[in-house]
> 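For reference, the structure I am asking about is given below.
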Amino acid sequence: PHTSMEFSHTDKENPEDFLPNDAAEADETSPLFAPEAEDFDTSSPTQSHDEPISSINDEGTETTSTTITPETTKPRRPMRWGSTLRRAMRHIFLSPWYLLRWIVRLLLAIGRLFLRIIGFKRIDRYILVRFLSTYVFLLALIITIAIIFDFNEKIDKLTNGGARWHEVVFDYYANFIPYFSNMFSPLFVFIAVIFFTTQLANRSEIIAMKSAGMSFRRLLRPFFMGAAIIAATSFALGAYVIPQGNVARVNFENKYIKKQLTVDEADNIQMQVDSGVVAYIAHFDNRTKSGSGFSLDKFSEKKLVSRLTAETIQYDTLADHKYSWTLHGYMQRTLRGSREKIKSGEKLDTTIIMEPKDFFYIKGMQETMTVPELSAFIDRQRLRGAAGISTFEVEYHKRFATPLAAFILTLIGVAISCEKRKGGMGTSIGIGLALTFTYIMLQTVAASFATNAGWPAGLSVWMPNILFAFIALWFYRRTPQ
């Protein structure tokens with residue numbers, strides 16, 4: 001038999017029925033219910049103080065009440081002026097470095113995108129990055145050693161000559177580093193190729209590449225890309241940037257090291273300024289840009305057709321164009337057969353294709369000219385029939401021959417060091433250094449023949465490249481493909 005038990009609504013929901021007797025008889029003085037117990041909190045951590053609270057009255061119905069408590073305001077943290085000042089100073093002084101870092105990252109991203117577009121794979125990027133990093137490391141190492149030896153050699157001249165330290169640092173060595181780095185850039189390329197490729201061969205990485213089907217011609221692609229980057233940078237710096245810095249370096253050398261006096265005056269200057277036009281100045285002062293005893297003769301079919309003379313001549317440095325001169329006390333005679341026309345006056349503004357710097361030659365002046373300036377100077381000197389322009393012609397051809405030598409020396413270096421040898425890295429580096437010194441010697445001898453023996457400047461400068469091109473072709477053919 002089943003016994004049914006009925007509970008009223010009040011019995012069912014009365015909470016006192018579910019409490020033990022001890023808890024029901026507990027008085028309000030119990031510590032559990034004491035309001036002074038501040039460290040006891042039965043509310044949820046996420047429950048707000050303004051949430052409604054439910055309770056059950058005596059009749060068993062649920063009532064809801066809301067308890068409003070005042071909002072507790074957190075104390076304001078004191079301003080930390082030290083950290084704020086540090087952040088401001090970091091933003092002011094380090095923002096250019098942040099910008100530079102952002103520009104470098106942008107250029108690297110563009111470079112990686114370009115390499116992917118032209119079909120460079122991960123192995124190509126690995127070889128290219130390692131090759132360029134080795135080149136930069138060797139360049140910095142050798143230039144540092146060169147600066148130490150150069151300073152040790154010239155320290156007496158610098159201290160006794162009265163050179164200031166800021167001139168030594170900013171006028172001389174700040175321009176010494178890029179000049180010699182660019183001059184010997186192909187040789188650094190050669191050594192970097194041999195050093196890096198020998199490491200690849202000793203670690204059997206080249207063997208693994210060839211086992212995967214990579215030919216020697218395919219292996220040359222990242223090396224030639226690196227040589228192209230170096231050659232383009234070398235040409236841009238040598239043709240347009242470095243000559244501007246060489247002005248301060250050459251003046252510093254002539255003043256403190258070579259002890260050459262500055263020549264500001266010249267006598268008996270005669271030159272051909274145009275086809276059939278000859279200028280003569282008896283005396284010229286470069287400090288005032290003025291001269292005396294000027295004459296300008298114009299010939300046609302070996303006959304004198306006009307003659308312009310002046311007591312003084314002044315170069316106009318404020319004119320909008322070059323070759324602007326002012327003649328004082330002039331007289332112009334024009335010959336037409338047996339008749340002669342004479343014109344004279346106190347002042348005449350005219351254009352004569354010559355400048356004050358054409359009257360003075362400074363040693364090393366060819367190093368201070370850009371490629372367009374060199375070309376224009378050589379053409380002008382040839383027109384004038386001037387002697388001693390072979391030095392400028394040699395410098396002009398070097399600006400093109402030196403960057404292109406990077407490709408030739410890269411091919412030789414890879415062909416020499418791509419095979420694993422019993423002698424290890426020493427054999428490849430020894431052969432590379434021997435070829436390097438041979439190339440330097442050929443460059444020096446050929447330039448001397450062009451300057452002193454009258455050899456054609458173009459042939460003399462390009463001779464080492466032509467000879468080493470045949471050597472590179474021979475090494476390429478004997479290398480297993």
> Please report the interatomic distance OH(Tyr323) to OG1(Thr350), rounded to the nearest 0.5 Å.
14.0 Å
> Taking atom types as modelled, is there a side-chain donor on Tyr172 or Asp150 under 3.5 Å from an acceptor on the other?
yes
> Just by distance, do the side chain of Asp171 and the backbone of Phe252 share a donor-acceptor pair under 3.5 Å?
no
> Using the side-chain contact (heavy atoms from CB on, under 4.5 Å) rule, take Met369 and Tyr396 through it: C-alpha gap first, then chi angles, then the decisive distance, then the call.
CA-CA 9 Å; Met369 296 182 180; Tyr396 178 78; over 6 Å; no
> About how many Å separate CZ of Phe170 and CG of Asn175, when rounded to the nearest 0.5 Å?
11.0 Å
> Could you pull out all residues at least two apart from Arg130 that satisfy salt bridge (charged side-chain N to carboxylate O under 4.0 Å, His left out)?
none
> Looking only at atom types and distance, does a side-chain atom of Asp358 sit under 3.5 Å from a main-chain N or O of Glu355, one as donor and one as acceptor?
yes
> Given side chains that start at C-beta, do those of Leu200 and Arg203 come closer than 4.5 Å, heavy atoms only?
yes
> Could you check whether atom NZ of Lys398 has more than 12 heavy atoms from other residues, nucleotides or ligands sitting under 6.0 Å from it?
no
> Could you check whether any side-chain heavy atom of Glu367 comes within less than 4.5 Å of a side-chain heavy atom of Arg249, counting everything from C-beta outward?
yes
> Would you confirm whether Asp124, through its side chain, and Lys121, through its main-chain N or O, come within 3.5 Å as a donor-acceptor pair?
yes
> Keeping the roles fixed (side chain from Tyr135, backbone from Ile230), state whether a donor-acceptor pair exists under 3.5 Å.
no
> Roughly how far, to the nearest 0.5 Å, is the NZ atom of Lys298 from the CG atom of Leu308?
11.5 Å
> side-chain contact (heavy atoms from CB on, under 4.5 Å) with Gln270: which residues, sequence neighbours excluded?
Val278, Tyr280
> State the CG-CD1 distance between Leu374 and Ile389, to the nearest 0.5 angstrom.
11.5 Å
> In terms of heavy-atom contacts, does CZ of Phe195 have more than 12 from other residues, nucleotides or ligands at under 6.0 Å?
no
> Kindly give the heavy-atom pair with the smallest separation between Phe475 and Ala415, and that separation in Å.
CB-CB, 3.7 Å
> Are the side chain of Ser375 and the backbone N or O of Pro372 linked by a donor-acceptor pair below 3.5 Å?
no
> Under 4.5 Å between any side-chain heavy atoms of Glu393 and Arg382, yes or no?
yes
> Is it true that, when you exclude Phe437 itself, more than 12 heavy atoms of the residues, nucleotides or ligands shown sit nearer than 6.0 Å to its CZ?
no
> Got more than 12 heavy atoms from elsewhere within 6.0 Å of OH, Tyr126?
yes
> Got Pro186 and Thr402 here, is their nearest side-chain heavy-atom distance under 4.5 Å?
yes
> So does Phe299 have more than 12 non-hydrogen atoms from other groups sitting under 6.0 Å from CZ?
yes
> So, using side-chain contact (heavy atoms from CB on, under 4.5 Å) as the criterion, who are the partners of Glu340 when residues are at least two apart?
Arg333, Leu335, Ile342
> If the threshold is 4.0 Å, N to carboxylate O, is there a salt bridge linking Lys303 and Glu301?
no
> Strictly distance-based, threshold 3.5 Å: is any side-chain N or O of Gln314 a donor or acceptor partner for the main-chain N or O of Thr288?
yes
> Evaluate Phe176 against Tyr179 for ring pair (Phe, Tyr, Trp, His ring centres under 6.0 Å), listing each step before the verdict.
CA-CA 5 Å; Phe176 173 90; Tyr179 174 71; 8.0 Å; no
> Would you indicate whether the side-chain heavy atoms of Val193 and Ile416 approach each other to under 4.5 Å?
no
> Should the ring pair Trp325 and Phe284 be called parallel, tilted or perpendicular, given that the plane angle runs from 0 to 90° and is split at 30 and 60?
perpendicular
> Check each of Thr312, Asn268, Asp267 against His283 using the side-chain hydrogen bond (donor to acceptor under 3.5 Å, both in side chains) test, and report the only one that passes.
Asp267
> For residues 445-461, tabulate all N or O donor-acceptor pairs below 3.5 Å that involve a side-chain atom, not counting sequence neighbours.
unit_1, atom_1, unit_2, atom_2, d
Ser448, OG, Thr444, O, 3.0
Thr451, OG1, Ala447, O, 2.9
Ser460, OG, Pro456, O, 2.9

> Are any of the side-chain heavy atoms of Leu435 and Phe468 separated by less than 4.5 Å?
yes
> Determine the interplanar angle of the Phe407 and Phe224 rings, folded into 0 to 90°, and report it as parallel if under 30°, tilted if 30 to 60°, perpendicular if over 60°.
perpendicular
> What orientation do Tyr476 and Phe216 show, parallel under 30°, tilted 30 to 60°, or perpendicular over 60°?
tilted
> Check whether Trp474 forms a cation-pi arrangement with Arg477 (NZ or CZ under 6.0 Å from the six-membered ring centre, at most 45° off the ring normal).
no
> Should Phe235 and Leu404 be marked as a side-chain contact (heavy atoms from CB on, under 4.5 Å) after you check the CA-CA gap, both sets of side-chain angles, and the distance that decides it?
CA-CA 9 Å; Phe235 175 76; Leu404 291 179; over 6 Å; no
> Going through the checks in order, is the side-chain contact (heavy atoms from CB on, under 4.5 Å) test met by Phe184 and Ile142?
CA-CA 10 Å; Phe184 298 106; Ile142 297 176; over 6 Å; no
> Given Phe294 and Tyr330, is the side-chain contact (heavy atoms from CB on, under 4.5 Å) satisfied, shown in steps?
CA-CA 9 Å; Phe294 171 76; Tyr330 74 93; over 6 Å; no
> Test side chain to side chain donor-acceptor pair (under 3.5 Å) on Asn182 and Ser234 and set out the steps.
CA-CA 6 Å; Asn182 190 67; Ser234 176; 2.7 Å; yes
> To the closest 0.5 Å, what do you measure between NZ (Lys343) and CE (Met331)?
13.5 Å
> Measuring only between side-chain heavy atoms, which start at C-beta, is Phe223 closer than 4.5 Å to Ile127?
yes
> Regarding Asn286 and Lys289, is there a side-chain donor-to-acceptor distance under 3.5 Å anywhere?
yes
> Measure the NZ-OG distance between Lys210 and Ser204 for me, rounded to the nearest 0.5 Å.
12.0 Å
> With sequence neighbours excluded, tell me which residues meet salt bridge (charged side-chain N to carboxylate O under 4.0 Å, His left out) with Arg307.
Asp297
> Could you list the residues that satisfy side-chain contact (heavy atoms from CB on, under 4.5 Å) with Arg287, not counting sequence neighbours?
Asp264, Glu265, Asp285
> Tell me the closest heavy-atom pair linking Val273 and Ala279, and the distance in Å.
CG1-CB, 3.9 Å
> Please confirm whether the backbone N or O of Arg218 pairs with a side-chain atom of Ser215, one donor and one acceptor, at under 3.5 Å?
yes
> May I ask you to test the Phe131-Ile229 pair for a side-chain heavy-atom distance under 4.5 Å?
no
> For residues Val305 and Ser300, report the shortest heavy-atom separation together with the two atoms involved.
CG1-CB, 3.7 Å
